[in-house]
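For reference, the structure is listed below as structure tokens.
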Number of protein chains: 2
Amino acid sequence: MAKQGNRYKVIVDLILRMIDKGTLRINDRLPSLRQISRQEHVSIATALQAYRWLEDEGIASPRASSGYYVVGITPRCEDHSCASLSGSGDSALRGDADRTTVQPIRPSGESLAFDPAAPSAGLLPRARLSRIIGSLIRRHPFLVTECYPGLGYSELRRQIARRSPEYGCRLSAQDIVITNGGMESVSLALRAVTSAGDAVAVESPCSFLTLHTLRQLALEPVEIPVGHDGICLDVLRDALDGRAVKAALFMTNCSIPTGYVMAEERKRALVAILEESGIPLIENDALGDLAHGERPRTASAFARHEGVLLCSSFTKTLGAGLRLGWIAPGRYINRIRDLKVASNYATTALVQHAAAEYLQGSAYDRHCRSLRRALKKQTRQLCDAVKRYFPDACRASEPAGGYSLWVELPRNVDTDEFRSLDGLSRVRALPGVLFTASSAGFRNCVQLHCREPWTPVSDSEMRHLGGRIRRLRASPRDRLACLSVP
Amino acid sequence: MAKQGNRYKVIVDLILRMIDKGTLRINDRLPSLRQISRQEHVSIATALQAYRWLEDEGIASPRASSGYYVVGITPRCEDHSCASLSGSGDSALRGDADRTTVQPIRPSGESLAFDPAAPSAGLLPRARLSRIIGSLIRRHPFLVTECYPGLGYSELRRQIARRSPEYGCRLSAQDIVITNGGMESVSLALRAVTSAGDAVAVESPCSFLTLHTLRQLALEPVEIPVGHDGICLDVLRDALDGRAVKAALFMTNCSIPTGYVMAEERKRALVAILEESGIPLIENDALGDLAHGERPRTASAFARHEGVLLCSSFTKTLGAGLRLGWIAPGRYINRIRDLKVASNYATTALVQHAAAEYLQGSAYDRHCRSLRRALKKQTRQLCDAVKRYFPDACRASEPAGGYSLWVELPRNVDTDEFRSLDGLSRVRALPGVLFTASSAGFRNCVQLHCREPWTPVSDSEMRHLGGRIRRLRASPRDRLACLSVP
């Protein structure tokens with residue numbers, strides 16, 4: 001009897017722990033009596049004894065022919081990531097509360113919770129896309145069960161190919177592999193042309209997600225400095241001479257974080273240098289459609305030997321939730337297709353159909369034009385605010401595309417302390433140390449971008465930021481005192 | 001003048017080639033005059049001259065304030081992958097015509113177009129899921145623009161954790177990373193615990209997609225034979241003694257292609273052997289919910305040191321189009337999260353929300369029960385047909401789960417010749433050579449599965465197959481004559 005008594009307590013304890021951890025919440029069904037008795041090696045009677053105990057305590061309650069449910073207890077779940085969808089209004093579903101931010105590991109090994117920049121949702125065609133998705137899934141439920149392994153959905157590939165003359169390329173649908181976003185394009189490209197331990201030339205400063213990806217693939221970044229006109233080709237040439245670089249990974253259009261667009265003759269020279277050395281170029285053109293002026297051609301346009309793996313994405317132009325990108329990998333097409341299958345077999349069918357439908361007309365082109373104008377305006381306002389509020393000694397990049405601005409502050413400012421800047425809502429400031437693999441670099445630099453169209457709040461946040469930078473120039477002891485956000 | 005004449009021909013030629021390749025089709029818009037003049041370095045007048053030529057030839061036509069469109073020409077596009085979505089009825093959108101099949105590279109280097117088995121769409125809850133998706137996207141357009149990098153959407157992770165006692169595990173939401181399908185789970189797990197060149201123990205015969213993945217990651221399979229009761233533990237023990245195996249990758253439940261479910265005491269022994277050797281177990285439980293009897297526990301249930309990376313998927317239970325899976329990687333959780341971010345940042349938000357909503361009630365459990373019953377029945381009918389129509393010397397596996405059957409035929413039959421079996425519609429037969437990395441193995445074996453519930457057609461296809469196998473036992477010269485499908 002004592003033994004039997006202990007046994008039901010095991011079940012009670014198991015359920016209570018699931019409630020504590022947030023695994024079971026109000027209105028969730030408990031495991032069936034049959035299930036739990038089998039898995040915990042107790043009799044149905046013992047399981048029932050446990051469930052009745054929970055019932056007596058007001059924790060669980062049976063429902064007609066449907067088993068026991070959790071009732072009347074507030075689980076001790078403290079983290080955001082347990083926000084429930086059930087019974088919530090739109091506010092609980094905003095998504096923000098539930099977003100897990102990326103934690104790029106900094107050179108020190110410490111992790112930071114920053115997510116990458118993107119145009120705000122209000123600038124993207126999400127109403128139109130959600131209508132397309134709703135209509136597609138209603139008409140074609142097969143999109144739940146069918147998929148397109150390998151290259152991906154041909155009509156989407158064709159739509160991308162149709163636009164390829166804009167990038168200076170002449171792709172056909174057979175040259176393209178659909179991916180789950182631009183990060184996958186870059187990641188597959190790196191895996192196709194490098195092995196663990198290889199060195200890869202990247203721009204410097206460099207997107208922290210790119211650095212994160214290199215680290216995960218055990219690749220060593222060789223950081224090539226950039227100027228207003230893009231990658232320093234002389235330094236690149238020297239770097240290639242000096243060591244066994246196996247690939248180059250650059251954003252020649254609207255680079256993150258500096259925003260440069262390389263001129264065509266410089267793109268041509270870049271490709272020539274790499275072709276001469278027999279080094280494949282992974283061109284990340286995810287922001288190419290966001291140039292502030294004309295849609296620039298890609299470096300890929302100047303390749304002669306199909307040695308460029310052109311990567312792109314709809315994350316910045318349609319929406320990050322879709323997870324949709326593509327790669328035109330030139331002569332590496334079979335390797336990329338095989339890697340894609342081995343990585344995740346295929347990309348969600350519904351999302352591919354939705355993008356293909358949206359791209360069929362001229363809506364995408366119109367949307368990109370207005371997005372470009374909006375980003376150009378926002379970025380100019382951001383630049384103006386830097387001039388207005390930051391110390392005179394600051395030097396800002398001159399973005400020709402995208403939404404990101406790179407600012408070099410006076411030498412004695414350490415922007416690493418911007419980690420505590422979560423109080424800003426319209427403007428985002430990320431410390432420069434995130435944009436290099438070297439522990440010493442860019443301590444006095446900051447990436448700025450505005451998430452939303454400019455408002456008086458953006459302006460006052462920039463004024464606040466400028467004031468803080470002035471104070472950060474004071475002694476280290478004084479700095480500590482001024483790290484709180486208003 | 002001659003030069004100008006040549007120039008417009010360049011544009012004409014470019015457009016005609018885009019039409020020939022299928023990149024431009026009827027009703028597609030040509031690049032704007034401004035675009036094409038800029039990218040081809042010709043004047044607007046020259047571009048217009050080209051477009052007018054195309055208009056005169058009846059190939060293109062201007063539409064009011066919207067540019068030129070392709071009209072009145074039948075493009076010479078011959079491959080299926082160019083099927084258009086525009087203007088098509090449901091039949092053109094079935095998806096089948098447009099599916100790109102995987103091409104696993106066989107030991108000989110030759111490629112085959114086979115796709116992996118899955119329960120037929122009619123057995124999956126796609127009507128319900130498509131309603132959920134339609135309703136979600138209507139209510140929450142933010143799903144287009146928001147995403148959940150790292151672990152994934154917490155409510156979906158919680159729903160998976162809630163069911164984890166069924167697998168014999170006690171997961172919480174924080175132990176789980178959402179992936180783009182089971183293949184991604186396995187691929188991330190392999191990348192977390194191995195490096196290129198490492199040896200990995202797998203079952204033999206082994207799913208050809210698993211072998212494909214190992215090949216892409218430059219991993220060497222160490223093939224451990226299986227019997228009716230699963231992996232031969234003695235052979236495994238010897239293999240671990242003999243060589244530097246870095247990981248083991250097994251399906252202990254409803255294995256593909258043999259369909260065994262390992263008994264609990266054997267799972268416990270398997271885990272103990274691996275823990276003793278300090279070797280992580282990657283457990284592919286993608287078919288665990290498809291056991292013909294009770295939902296079996298996983299090997300992971302018996303792990304003591306968090307050294308099991310439990311991989312699963314909704315591909316076989318909800319639908320392959322969703323691309324949704326998960327992994328509970330034990331002590332490798334941070335590494336898997338970082339690899340996931342580096343691989344593709346996040347999984348499509350809408351699909352995660354849809355699955356979470358479907359999993360909230362008891363519909364998933366009811367669905368799995370009926371799916372299990374249907375697969376059990378189909379598989380039994382398949383087994384019966386093998387007994388009825390195949391030569392007596394054939395030995396079939398005894399599936400305890402899933403939908404796959406493995407049949408060993410008489411020694412002198414070479415099933416590689418089943419490549420030409422595309423004429424079968426209800427029953428699928430894949431040659432045994434696909435299920436091993438060794439060039440000599442399994443030539444006389446075949447994987448059978450039925451895509452759909454059993455019908456008289458399934459029966460007559462099996463009868464035909466049996467007849468063919470009898471004939472294949474004849475002389476090589478005679479075999480050639482009988483390779484046509486009725």
Side-chain angles (χ1 to χ4, degrees), chain A residues 21 23-24 29 31 35 39 81-82 85-86 93 95 98 100 102 121 124 126-127 129-130 133-134 137-138 140-151 154-155 161-162 165 168 172 180-181 183-184 187 196 212-213 216 319-321 323 338-339 341-346 348-349 351 362, chain B residues 21 23 29 31 39 81-82 85 93 95 98 100 102 121 124 126-127 129-130 133-134 137-138 140-151 154-155 161-162 165-166 168 172 180-181 183-184 187 195 212-213 216 319-321 323 338-339 341-346 348-349 351 356 360 362:
Chain A
K21 281 189 188 173
T23 306
L24 284 176
R29 198 162 71 100
Q35 231 172 47
Q39 87 209 4
S81 62
C82 292
L85 190 139
S86 58
L93 257 175
D98 191 46
T100 314
V102 198
L124 302 180
R126 69 181 185 183
L129 279 165
S130 53
I133 291 171
I137 196 68
R138 201 178 59 242
H140 309 299
F142 80 82
L143 292 170
V144 169
T145 48
E146 295 292 319
C147 69
Y148 305 104
L151 302 186
S154 65
E155 177 59 17
R162 187 164 77 83
S172 68
N180 298 331
M183 180 115 264
E184 181 164 299
S187 194
H212 172 85
T213 301
Q216 294 306 315
R323 310 314 308 147
D338 288 349
L339 276 172
V341 168
S343 298
N344 49 38
Y345 197 60
T348 306
V351 164
S362 54
Chain B
K21 280 188 188 172
T23 307
R29 199 162 69 101
Q39 90 210 359
S81 62
C82 291
L85 191 136
L93 255 175
D98 192 44
T100 314
V102 198
L124 302 180
R126 69 180 185 183
L129 280 166
S130 53
I133 291 171
I137 196 67
R138 203 177 57 241
H140 309 299
F142 81 83
L143 292 170
V144 170
T145 48
E146 296 291 319
C147 69
Y148 305 104
L151 302 186
S154 66
E155 177 59 18
R162 186 163 79 81
E166 286 182 52
S172 67
N180 299 331
M183 181 113 264
E184 181 164 300
S187 193
S195 307
H212 172 83
T213 301
Q216 295 306 316
R323 309 314 308 146
D338 288 348
L339 275 173
V341 168
S343 297
N344 49 39
Y345 197 60
T348 307
V351 164
Q360 269 164 10
S362 54

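Below, chain A is the first sequence line, B the second, and so on; all start at residue 1.
There is no contact between A:R138 and chain B, counting heavy-atom distances below 4.5 Å. The parts of A:Q39 that come within reach of chain B are both its backbone and its side chain, each placing non-hydrogen atoms under 4.5 angstrom from that chain. In this structure, the portions of A:L339 lying under 4.5 Å from any heavy atom of chain B include both its backbone and its side chain.
The two residues B:H212 and A:D338 make their nearest non-hydrogen contact at NE2-O, 2.9 Å. Of all non-hydrogen atoms in A:N344 and B:E184, the two that sit nearest each other are ND2-OE1, 2.8 Å. When every heavy atom of A:F142 is checked against every heavy atom of B:R126, the shortest pair comes out as CA-NH1, 3.4 Å. What you find for B:R323 and A:Y345 is that their closest heavy atoms are NH2-CB, 3.2 Å. Of all heavy-atom pairs spanning A:C147 and B:G321, the tightest one is CB-CA, 4.1 Å. Residues A:A121 and B:T145 come closest through the heavy atom pair CB-OG1, 3.6 Å.
Heavy-atom pairs under 4.5 Å with chain A were tallied for B:A349, B:A320, B:G319; the largest tally goes to B:A320. Most heavy-atom pairs under 4.5 Å with chain A: of the set B:A346, B:S362, B:A161, B:S195, this distinction falls to B:A346. Most heavy-atom pairs under 4.5 Å with chain A, from the set B:T348, B:L129, B:L143, B:L124: that is B:T348.
Remark: side-chain polar atoms of A:S187 are paired, donor with acceptor, to backbone N or O of B:A342 under 3.5 angstrom.
You'll find the side chain of B:P165 stays beyond 4.5 Å of the side chain of A:Q35, heavy atoms only.
Taking the salt bridge (charged side-chain N to carboxylate O under 4.0 Å, His left out) definition, one finds that A:R29 meets it with B:D365, sequence neighbours left out. With sequence neighbours excluded, the residues satisfying side-chain hydrogen bond (donor to acceptor under 3.5 Å, both in side chains) with A:S343 are A:R191.
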